[in-house]
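To start, the structure itself, in structure tokens.
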Amino acid sequence: MDVMGDKATLFETGRFVQPSQPDEAGEAVEGVAEDAAEEVRRRIAAETGDVEAMSVLGAMLLRRGDLDGAEPHLRAATAAGDRAAANNLGVLLHQRGYADDAAGWWRIAAVAGSAAAAHALGRHHRERGDEPAAEYWLRQSAEQGHALGAYALADLLEHRGDAGAELWMRSAAERGHREAAYRLARALDRKTVGEVDAGGDSVVAGAGAGAGAGATDEAEQWYRQAAARGHRRAALHLGAILEKRGELKEAGRWYLTSAKDGEARAACALGFLLRDAGDPESAAVWWLRAAQDGDGNAANALGALHAERGEPQTAERWYRAAMDAGDDNGAYNLGLLCAEQGRTAQAEQWYRRAAYAGHREAANALAILLLQGGDARGAEPWFSKAAEAGSVDAAFNLGILFAGRGEDAVALRWYERAAGAGHTEAALQVGIARLRDGDEREAERYLRCAAGGGSAEAAYRLATVLDARRPPVPSHELGETVHEKSECEEWYERAASLGHRRAQVRVGMLAAARGDVVEAARWYREAAEAGSRNGAFNLGLLLAREGSEPEAAVWWTRAADAGHGRAALRLALVYARRGELAEGQRWADRAVVLGPGEVAERAARLRDALRQELSA
């Protein structure tokens, strides 16, 4: 056959249009003629020797799958120099299994300038391991603006680690290639967050967490383009980006689109979105769909849902399904379920399974279980393994373990590690240790972290540190009532509002000092009702000053019964004034025992006086 030169073809005239997004699994066929009447006209024209008609008719029959009908027309058009027909004849022979013959025709069409044929020829050489030849022909196709050629070239270069891959991937994406757009977005994501994506498509979907947390605006743009063209994984990632940004309605739409296209992870993520929106029933529908498609995360979510409903058997079935899907959380959740039911041996078994698979929280839970069983030696390595894997709770637990052994220096190192990762109680322990060592500045830093994290004890201790530095309150002029709360008062109040009894007493004292009797009584009462003997004693003092001695005696009795010596002495005085000498003597005896020294001394004198009165 003669080599084709500059002969105009149907492809070149634009009357034979390639699909804008051909099937990425195979080669595009250069021809579209779907109308029956058009086929008849083309067939009549082909019979009269019209080369263009032969080419289009052959392409039309090829697309329909009529290889026997298409071949003679394509061969005839190819013989007449139609390069589109030569390409399509290569496609036909490739479909028949004659790959080498197909390559021959593709070469002829490619040399004549067919970008589609150059692409097909490049893929042919790559399949046979001839990468230099593959790159040559794919580059020819790509440089002619062929989207499939640009994508295949980018894929080849990316496989070799060539920096030029992104350029061609971008070129393919700009020409509407949806897989190229998706892969370009993933590459931009990896550059942004430095992720290692060994599987090529890592996504964390569900529980409010989403992939693409570090996605750039450009990455989002390409995800959006690919998703709009029906790429289900791109829709999943786009949904995750939007969810992370708080645009939940649009995120849900993309999750739904992806899930309907069969993406199990999107169905799972949609379930979490619906659950967080207060619709667990709809969430369960999507989790079920995802779990049935093998999504372990969804199976775990279903298990948790049934566990919350008090259906442990169904929960266990779904946790096992998650485990069978390769999700280590399934074994961990089974351990939690067994532990809640008191099935300690089975809980340990599941925790061990998950822990050996690298589940850090399972390792921590296993260590706690062993520690509760008295096996501190067995617990320590699991705490260490979990802590080294990043479990903040395990690091804190190691601190407790070493502190219990008296190894304070080692304990402090683990507390500091946990505190550095934001563990509130660990920060409190470091703050206390620093106070003990006299390093007030460092103590304050850690106590602020713990107090900010919601620790009532840390807020109280921070307030005491600040209180000790506070200068004396200046005396105000007569009639001046202005009082600005200091920072230490604010921390006392924070601790008090969190239920810290000593802080409540202190806030009451501060309120009393500025003359706010109602506020003082409120805090004293709250502390007293929570079991604070100082709160009960101070409330009694306040009530006595306000003329409510009978009620004051009630609170002093509560304080004295809890071991408050001054409250017992006050009761002894009350009963002595009432003339109930025996009862007064009894409380005076109690005050002597309770102390402290000054109180015991006064109570002893009162007791002796009452004895003399009784014996007179």
Side-chain angles (χ1 to χ4, degrees), residues 182 185-186 189 197 199 201-213 215 220 223-224 226-228 230-337 340 350 354 359 361-362:
Y182 171 72
R186 296 296 295 140
D189 260 357
D197 190 7
D201 188 33
S202 62
V203 177
V204 179
E220 181 182 342
Y223 279 134
R224 194 174 290 277
H231 197 292
R232 70 187 192 186
R233 283 173 295 164
L236 167 65
H237 281 268
L238 179 57
I241 291 169
L242 294 166
E243 181 183 359
K244 182 74 175 180
R245 206 158 61 212
E247 298 176 24
L248 303 185
K249 190 172 182 179
E250 188 180 359
R253 286 201 300 269
W254 286 113
Y255 282 149
L256 180 61
T257 298
S258 181
K260 284 182 175 178
D261 285 341
E263 181 59 58
R265 290 169 297 174
C268 179
L270 180 58
F272 282 111
L273 211 59
L274 290 165
R275 181 204 63 181
D276 294 343
D279 189 359
E281 299 304 322
S282 296
V285 171
W286 288 104
W287 283 334
L288 178 61
R289 182 167 174 173
Q292 288 173 338
D293 287 339
D295 190 284
N297 197 20
N300 272 313
L302 279 173
L305 184 64
H306 286 289
E308 288 172 6
R309 292 174 176 173
E311 302 167 359
Q313 291 182 334
T314 308
E316 183 169 340
R317 179 166 64 84
W318 282 113
Y319 288 149
R320 288 180 182 273
M323 190 172 57
D324 292 341
D327 193 323
D328 297 328
N329 282 314
Y332 173 60
N333 288 332
L334 276 170
L336 291 174
L337 190 66
E340 288 172 4
W350 293 119
H359 195 294
E361 297 310 324

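For the atom pair SG of C268 and CG of L236, the computed distance is 10.0 Å after rounding to the nearest 0.5 Å. Here the straight-line distance linking atom CG of D295 with atom CZ of R289 works out to 12.5 Å at 0.5 Å rounding.
Nearest heavy atom pair, residue L238 against residue A227, reads CD2-CB, 4.3 Å. What you find for A354 and A362 is that their closest heavy atoms are CB-CB, 3.5 Å. Among all heavy-atom pairs drawn from Y255 and L270, the shortest one is CB-CB, 4.0 Å. A pairwise comparison of heavy atoms in A259 and A266 identifies N-CB, 3.7 Å as the closest pair. Taking both residues in full, the closest heavy atoms of N300 and G330 are given as OD1-CA, 3.4 Å, listed atom of the first, atom of the second, then distance. Contact record, A284 with L302: O-CD2, 3.9 Å, taken as the closest heavy-atom pair.
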Would Y223 and D189 count as a side chain to side chain donor-acceptor pair (under 3.5 Å) if you check the C-alpha gap in whole Å, the side-chain angles of each, and the deciding distance to 0.1 Å?
CA-CA 10 Å; Y223 279 134; D189 260 357; 2.6 Å; yes
Applying side chain to side chain contact (heavy atoms under 4.5 Å, CB included), run through R245 and E220 and close with a yes or a no.
CA-CA 12 Å; R245 206 158 61 212; E220 181 182 342; 2.6 Å; yes
Give the C-alpha distance, both sets of side-chain angles, the deciding distance and a yes or no for salt bridge (Lys or Arg N to Asp or Glu O under 4.0 Å) between E281 and R275.
CA-CA 8 Å; E281 299 304 322; R275 181 204 63 181; over 6 Å; no
Could you walk me through whether W286 and F272 pass the ring-ring contact (aromatic ring centres under 6.0 Å, His included) check?
CA-CA 9 Å; W286 288 104; F272 282 111; over 10 Å; no
Candidate pair W318 and L288, rule side chain to side chain contact (heavy atoms under 4.5 Å, CB included), full reasoning:
CA-CA 10 Å; W318 282 113; L288 178 61; 3.6 Å; yes
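With a 4.5 Å cut-off on side-chain heavy atoms, N297 and N329 do not count as touching. Two residues are said to be in side-chain contact when any heavy atoms from C-beta on lie closer than 4.5 Å; R186 and H237 meet this criterion. Side-chain contact between L336 and Y319: absent, with no pair of heavy atoms (C-beta onward) separated by less than 4.5 Å. Inter-residue side-chain proximity for R265 and R232 is flagged as unmet; no heavy-atom pair is nearer than 4.5 Å. No side-chain heavy atom of H306 sits less than 4.5 Å from a side-chain heavy atom of E308. The side-chain heavy atoms of L242 and R224, taken from C-beta on, include a pair separated by under 4.5 Å.
In this structure a side-chain-to-backbone donor-acceptor pair under 3.5 Å is missing from W287 to A298.
If you run side chain to side chain contact (heavy atoms under 4.5 Å, CB included) between S258 and each of R233, E263, R253, only E263 comes through.
The salt bridge (charged side-chain N to carboxylate O under 4.0 Å, His left out) analysis of residues 310-326, with sequence neighbours excluded, yields the pairs E316-R320, E316-R343.
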